[in-house]
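Notes follow once the structure below has been shown.
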Protein chains: 2
Amino acid sequence: MAANILIVEDEPAIQELLALNLSQAGHNPIRALSVEQAQMLMRDALPDLIILDWMLPGMSGIEFARKLKTDELTKVIPIIMLTARGEESDKIRGLEVGADDYVTKPFSPRELNARIKAVLRRRAPQMTDDPIESHGLRLDPTTHRVTGNKKTIELGPTEFKLLHYLMSNPERVHSRSQVLDRVWGDKVFVEDRTVDVHIRRLRLALEQTGHEDLIQTVRGVGYRFSAQ
Amino acid sequence: MAANILIVEDEPAIQELLALNLSQAGHNPIRALSVEQAQMLMRDALPDLIILDWMLPGMSGIEFARKLKTDELTKVIPIIMLTARGEESDKIRGLEVGADDYVTKPFSPRELNARIKAVLRRRAPQMTDDPIESHGLRLDPTTHRVTGNKKTIELGPTEFKLLHYLMSNPERVHSRSQVLDRVWGDKVFVEDRTVDVHIRRLRLALEQTGHEDLIQTVRGVGYRFSAQ
DNA sequence: ATTTATTGTGACACTTTAATGACAATTATC
DNA sequence: GATAATTGTCATTAAAGTGTCACAATAAAT
């Protein structure tokens with residue numbers, strides 16, 4: 001939950017409406033009236049999702065989307081486009097340049113929220129607060145609890161986030177820097193090897209219930225959460 | 001329950017009907033025949049919920065809703081709109097400007113009450129006055145009394161609300177700001193850390209009956225009421 | 001088998017975060 | 001209007017969590 005969502009919309013009323021909806025749904029809206037402003041805001045911090053109006057003054061939404069999807073840094077950020085009802089060609093071109101979903105104006109808040117959740121689930125599963133379970137190991141973001149075969153496992157904040165990240169993207173190797181980016185955030189300056197230490201602490205905690213080897217080392221590459 | 005509900009409806013018969021219904025359901029109806037009158041009434045005191053007819057003389061319901069949802073002070077007040085049956089576009093536009101739900105005329109009292117309850121619960125789940133019990137700790141909102149194994153526990157107003165909120169949403173972690181929003185109300189400007197102090201006072205009070213560790217700290221995140 | 005690259009581990013200094021006690025200000029109560 | 005209760009803040013203390021490093025262990029390469 002609680003995603004940072006960048007709204008790029010030139011009409012103040014609609015922008016306001018969107019922001020209102022998002023914050024009511026527990027998100028953190030960041031507002032931009034133009035592509036230029038959006039780019040400026042993204043220099044500070046990358047959002048978790050972008051809601052992009054297709055009809056914008058200056059650089060168009062399509063161009064912006066294409067640009068975002070080309071850049072290595074931003075291509076993973078999901079984009080939901082806002083189109084006027086019936087603009088079928090927009091939808092097609094939008095999906096073509098890499099938008100993840102679209103919502104037609106006028107939109108219902110319910111629908112918008114559903115789509116946001118769906119997109120986040122697809123692109124950034126650890127942003128949603130669905131519980132994850134694997135082999136008797138269960139992590140529940142809302143209660144902030146981890147259990148192994150029903151037995152509570154105590155974890156520190158970092159270990160919790162780390163496990164959450166790994167479990168959200170199982171069967172996939174993550175390099176130390178990827179882990180640092182996603183778990184620590186991209187602002188911090190921390191040694192790569194620090195990840196090792198936290199992996200160790202995590203394994204230690206998981207030993208209580210014999211789940212420690214769900215966390216695997218891939219020599220020369222990184223770590224992986226795997227169900228054997 | 002017992003919410004103050006503002007009815008904005010120009011047809012006296014329907015207004016009367018609504019008011020009757022609401023007071024029978026234990027609420028406190030406040031009546032306005034027009035948006036202008038409603039605004040006047042809201043200068044004195046903000047209602048907990050607004051039932052708004054979409055077809056009004058003078059300023060239309062839509063405009064009024066939009067205005068309410070723009071104002072920082074009033075944007076949190078839930079709005080239920082009354083629409084004529086089948087006016088699909090009204091519903092869409094209504095939800096678009098931020099109404100929380102709608103009821104079509106002619107409406108059944110049962111349905112209306114259900115929706116009111118749902119909307120109110122969404123805003124403030126701890127507003128319901130069903131007694132809550134957990135592990136011998138019992139909180140009764142109607143009598144405003146807390147007992148631990150039948151023994152009365154004295155609590156200050158804030159501690160009571162805090163416990164009520166936590167018990168209404170057990171097992172879930174609440175950040176300090178969430179707690180502030182829900183227990184103190186979102187208008188106040190209070191330090192996050194103040195929550196700690198009240199948690200402390202609450203725990204101190206619960207110690208009399210050994211219930212203090214139902215309130216758990218989740219480091220780096222917040223607090224949780226839990227029965228484990 | 002020896003060398004080399006990589007990961008695991010324990011210890012430790014350091015930071016961050018929460019608990020606690022005291023206090024002044026405000027509000028309710030008699 | 002005096003007294004008591006309640007509140008929010010702060011300074012202090014206590015506790016928990018974090019990042020680094022040195023060295024041990026392990027796997028891969030020669």
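Every chain is numbered from 1 and lettered A, B, ... according to where its sequence line falls, protein lines coming before strand lines. These figures come from a predicted structure and were not determined experimentally.
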Given [N], is OP1 or OP2 found less than 4.0 Å from the side-chain N or O atoms of [X]?
X	N	value
B:R193	C:dA18	yes
B:W184	D:dT7	no
B:T217	C:dA19	yes

What's the closest nucleotide to the side chain of [X] if the choices are [options]?
X	options	result
A:P157	D:dT7, C:dA18, D:dT18	D:dT18
A:R176	C:dT7, C:dA18, C:dC23	C:dT7
A:R219	D:dC21, C:dT6, D:dG17	C:dT6

request  = Nearest 0.5 Å please: distance from the CD atom of B:E171 over to the CZ atom of B:F225.
outcome  = 8.5 Å
message = Distance check, rounded to the nearest 0.5 Å: A:E133 atom CD versus A:D140 atom CG?
response = 10.5 Å
query = Between A:T142 and B:R224, does a side chain to side chain donor-acceptor pair (under 3.5 Å) hold up when you go through it step by step?
reply = CA-CA 10 Å; A:T142 62; B:R224 159 175 68 196; over 6 Å; no
request  = Remember a base hit wins even if backbone is also touched, and classify A:Y223 as base, sugar-phosphate or nothing at under 4.0 Å, heavy atoms.
outcome  = sugar-phosphate
query = Hey, does A:R203 reach any base, or is it just sugar-phosphate, or nothing, if we go heavy atoms under 4.0 Å?
reply = sugar-phosphate
Could you tell me how far apart [X] ([atom1]) and [N] ([atom2]) are, to the nearest whole angstrom?
X	N	atom1	atom2	value
B:E207	C:dT20	CD	C1'	12 Å
A:H198	D:dT18	NE2	P	6 Å
B:L202	D:dT6	CG	C1'	15 Å
B:I215	C:dA19	CD1	C1'	15 Å
B:D196	D:dT7	CG	P	16 Å
B:R200	D:dA15	CZ	P	14 Å
B:D213	C:dA19	CG	C1'	15 Å
B:L180	D:dG8	CG	P	9 Å

note = Between B:T158 and A:V197, the residue closer to the 5' end of DNA chain D by nearest nucleotide is B:T158
task = Only one of B:W184, B:F160, B:Y223 passes ring-ring contact (aromatic ring centres under 6.0 Å, His included) with B:H198; say which it is.
result = B:W184
request  = Would you kindly check whether a donor in the side chain of A:R201 faces an acceptor in the base of C:dG8, or vice versa, at under 3.5 angstrom?
outcome  = no
key: A:D71 vs A:R66, salt bridge (charged side-chain N to carboxylate O under 4.0 Å, His left out): CA-CA, chis, key distance, verdict   = CA-CA 9 Å; A:D71 187 337; A:R66 190 190 327 259; over 6 Å; no
message = If you assign B:L204 and B:G222 each to the DNA chain C nucleotide with the nearest heavy atom, which residue ends up on the more 5' nucleotide?
response = B:G222
